[in-house]
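Atoms within each ligand, like the ligands themselves, are counted from 1 in listed order. Just so it is clear, the structure is predicted and the values come from calculations on it, not from any experiment.
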Amino acid sequence: MPTLIDRIKERELPRHVAVIMDGNGRWAKARELSRTAGHQVGSQAAERLIRFIGRKLGLDYLTLFAFSTENWGRPVVEVDFLMDLLDRFICEKLAEFKQEGVRVVVSGEIAGLQPALQRAVVRAIEETAENDRLVLNIALNYGSRQEIVRACREIARAAVAGKLNPDTIEPDTITRLLYTAEIPDPDLIIRTGGEMRLSNFLLWQSAYTEFHFTPTLWPDFTPAELLRAISVYQERERRFGAVKESGE
Ligand code: FPP
């Protein structure tokens with residue numbers, strides 16, 4: 001009997017899955033724990049997923065929304081905890097990433113992070129740059145509108161300097177100036193925690209992305225649920241705005 005993973009791997013896999021890891025706070029609250037305890041267990045769910053995708057599933061790209069530009073508005077204790085958690089996560093996992101061919105890249109404003117986290121991020125990016133098994137894109141201090149504004153500023157500067165004719169600006173001109181320039185658009189975005197919104201995540205890149213919203217809280221999200229989400233994705237017909245050949 002082929003298992004679900006066997007059946008999924010027989011069909012076309014999404015190249016790029018991106019995840020909004022929501023629900024850590026509610027997971028903790030339901031257990032009378034602190035929100036930070038929820039993030040701690042959430043980081044273990046992230047670890048489990050990365051390992052599963054790298055070792056068993058073989059996707060090319062995984063993006064994890066770890067900290068948004070809006071998350072700075074949370075209580076200082078929570079922000080500090082998250083920064084520290086991400087720092088520890090990146091440092092502690094680096095050896096495994098190197099060993100398993102995981103390439104770490106970051107989408108977001110690295111310069112706005114605490115110096116220790118900046119150093120950890122730069123080191124992980126540099127030391128995994130040659131890896132080619134799985135690209136792990138960590139969206140960190142990331143906001144999609146800010147990312148698009150940044151690209152627009154770059155374009156405006158080039159136009160003012162006379163290096164770019166505005167009539168030649170195409171969608172791809174913007175795509176190439178985003179943090180994700182080297183990464184294909186996500187085929188599937190998963191959001192845990194029951195909310196059905198994008199929250200400033202990959203707005204430009206998700207023009208033709210398929211979505212999977214689940215009430216599961218992030219710490220409870222398992223590789224088995226990822227497989228079920230991919231299996232549903234594989235049943236969908238992606239037309240990218242065109243029509244399917246009908247033979248008429
Ligand atoms: C949303 O849950 C989650 C975050 C803002 C942080 C995501 C971070 C992690 C899962 C841990 C670290 C990640 C990595 C890659 C190691 P929430 O706090 O908004 O939950 P709530 O909606 O239930 O309050």
To the nearest 0.5 Å, how far apart are CD in Gln99 and OG1 in Thr128? 14.0 Å
Under 3.5 Å side-chain donor-acceptor pair for Glu210 and Gln234: no
Considering residues, nucleotides and ligands other than Arg31, do more than 12 of their heavy atoms fall under 6.0 Å from its CZ? yes
Do other residues, nucleotides or ligands put more than 12 heavy atoms under 6.0 Å from Arg123 CZ? no
Is Glu47 paired with Arg51 through a side-chain N to carboxylate O contact shorter than 4.0 Å? yes
First locate atom NZ of Lys93, then atom OG of Ser43, and finally report the distance between them rounded to the nearest 0.5 Å. 9.5 Å
Ligand 1 to Met21, heavy atom cutoff 4.0 Å, flagged ligand atoms 1 (C), 2 (O), 3 (C), 10 (C), 13 (C)
Residues, nucleotides or ligands: over 12 heavy atoms within 6.0 Å of Arg48 CZ: yes
Can you pull out the closest protein heavy atom to atom 11 (C) of ligand 1? Residue, atom name and distance to 0.1 Å, please. His39 O, 3.7 Å
What atoms in ligand 1 come closer than 4.0 Å to a heavy atom of Gly25? 17 (P), 18 (O), 20 (O), 21 (P), 23 (O), 24 (O)
Looking only at distances, can you tell me whether any N or O atom of Arg74, backbone or side chain, sits closer than 3.5 Å to an N or O atom of ligand 1? yes
What protein heavy atom sits nearest atom 5 (C) of ligand 1, and how far off is it? Asn71 OD1, 3.6 Å
Closest protein heavy atom to atom 24 (O) of ligand 1, given as residue, atom name and distance to 0.1 Å: Arg35 NH1, 3.0 Å
Taking the six-membered ring of Trp72 as reference, does the cationic atom of Arg74 (NZ for Lys, CZ for Arg) lie under 6.0 Å from its centre and within 45° of its axis? no
Aromatic ring pairing Tyr142/Phe65, orientation class (parallel under 30°, perpendicular over 60°, tilted between): perpendicular
Is Ile138 in contact with ligand 1, taking contact as a heavy-atom separation below 4.0 Å? no
Per-residue contact class, Phe67 against ligand 1 - non-hydrogen pairs under 4.0 Å: neither
Looking at Glu12, I'd like to know if its CD atom is crowded, meaning that more than 12 non-hydrogen atoms belonging to other residues, nucleotides or ligands lie closer than 6.0 Å. no
Could a heavy atom of Lys29 be found less than 4.0 Å from some atom of ligand 1? no
Starting from atom 10 (C) of ligand 1, find the nearest protein heavy-atom neighbour and note its residue, name and distance. Asn24 ND2, 3.3 Å
Would you indicate whether Glu182, at its atom CD, is surrounded by more than 12 heavy atoms from other residues, nucleotides or ligands within a distance under 6.0 Å? no
With a 4.0 Å cut-off on heavy atoms, does Gly193 reach ligand 1? no
If you compare Ala139, Ser68, Ala66 by their heavy atoms, the one closest to atom 7 (C) of ligand 1 turns out to be Ala66
Within a distance under 4.0 Å of any heavy atom of Trp218, pick out the atoms of ligand 1 and give their elements. 10 (C)
Which residue and non-hydrogen atom of the protein lie closest to atom 14 (C) of ligand 1, and at what distance in Å? Leu86 CD2, 3.8 Å
May I ask you to check whether Glu109 and Tyr179 show a side-chain donor-acceptor distance below 3.5 Å? yes
What I want to know is whether Arg26 and ligand 1 share at least one N or O pair that is separated by under 3.5 angstrom. yes
Leu82 to ligand 1: N or O pair under 3.5 Å? no
With a 4.0 Å heavy-atom cut-off (strictly under), which part of Leu217 contacts ligand 1: side chain, backbone, both or neither? neither
I'd like to check whether Trp27 has a polar contact with ligand 1, where a contact means an N/O of the residue lying under 3.5 Å from an N/O of the ligand. no
Is any N or O atom of Gly42, backbone or side chain, closer than 3.5 Å to an N or O atom of ligand 1? no
